[in-house]
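Structure, as structure tokens:
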Amino acid sequence: NVPAIVPVKKNTVTMSLNRIDDNCTEVVWLARPELKLFAYPLYPFLRFGLSIAFGELLGGLKEFVEQPSSTSKPSLASR
């Protein structure tokens, strides 16, 4: 549950993986946020801010998954 002040009502994310070669995979991440009614007049500002935040999130994810496999990474099964 998100606080009432958060302008996003719902966010639908579609991810796909495209194999480039044996050592490279492209991840396509498409987000479709649904805004709350009060947020529509603020859309230009929200789009800019959310794009920056989302880009930083994806940059961190990219850095994490590209670490050498010799480092210990938590698996989804261990959560």
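Among residues two or more places apart in sequence or in another chain, the side chain to side chain contact (heavy atoms under 4.5 Å, CB included) test is passed with Asp21 by Asn23, Cys24. For Lys10, the salt bridge (Lys or Arg N to Asp or Glu O under 4.0 Å) criterion is met by no residue, not counting sequence neighbours. Among residues two or more places apart in sequence or in another chain, the ring pair (Phe, Tyr, Trp, His ring centres under 6.0 Å) test is passed with Phe54 by Trp29. Residues forming a side chain to side chain contact (heavy atoms under 4.5 Å, CB included) with Glu63 (at least two apart in sequence, or on another chain): none.
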Please list every donor-acceptor pair under 3.5 Å in which a side-chain atom of residues 37-51 meets a protein atom from a residue at least two apart or in another chain.
| from | atom 1 | to | atom 2 | distance (Å) |
| --- | --- | --- | --- | --- |
| Ser51 | OG | Arg47 | O | 2.7 |

Could you give the side-chain donor-acceptor pairs of residues 12-19 under 3.5 Å, partners two or more places apart or in another chain?
| from | atom 1 | to | atom 2 | distance (Å) |
| --- | --- | --- | --- | --- |
| Asn18 | ND2 | Glu26 | OE1 | 3.0 |
| Arg19 | NH2 | Asp22 | OD1 | 2.2 |

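Residue Glu34 holds its CD atom at 5.0 Å from NZ of Lys9, rounded to the nearest 0.5 Å.
A continuous path of hydrophobic side-chain contacts links Leu58 to Val65 [ILVMFWY only; heavy atoms under 4.5 Å].
A pairwise comparison of heavy atoms in Val8 and Pro33 identifies CG1-CB, 4.2 Å as the closest pair.
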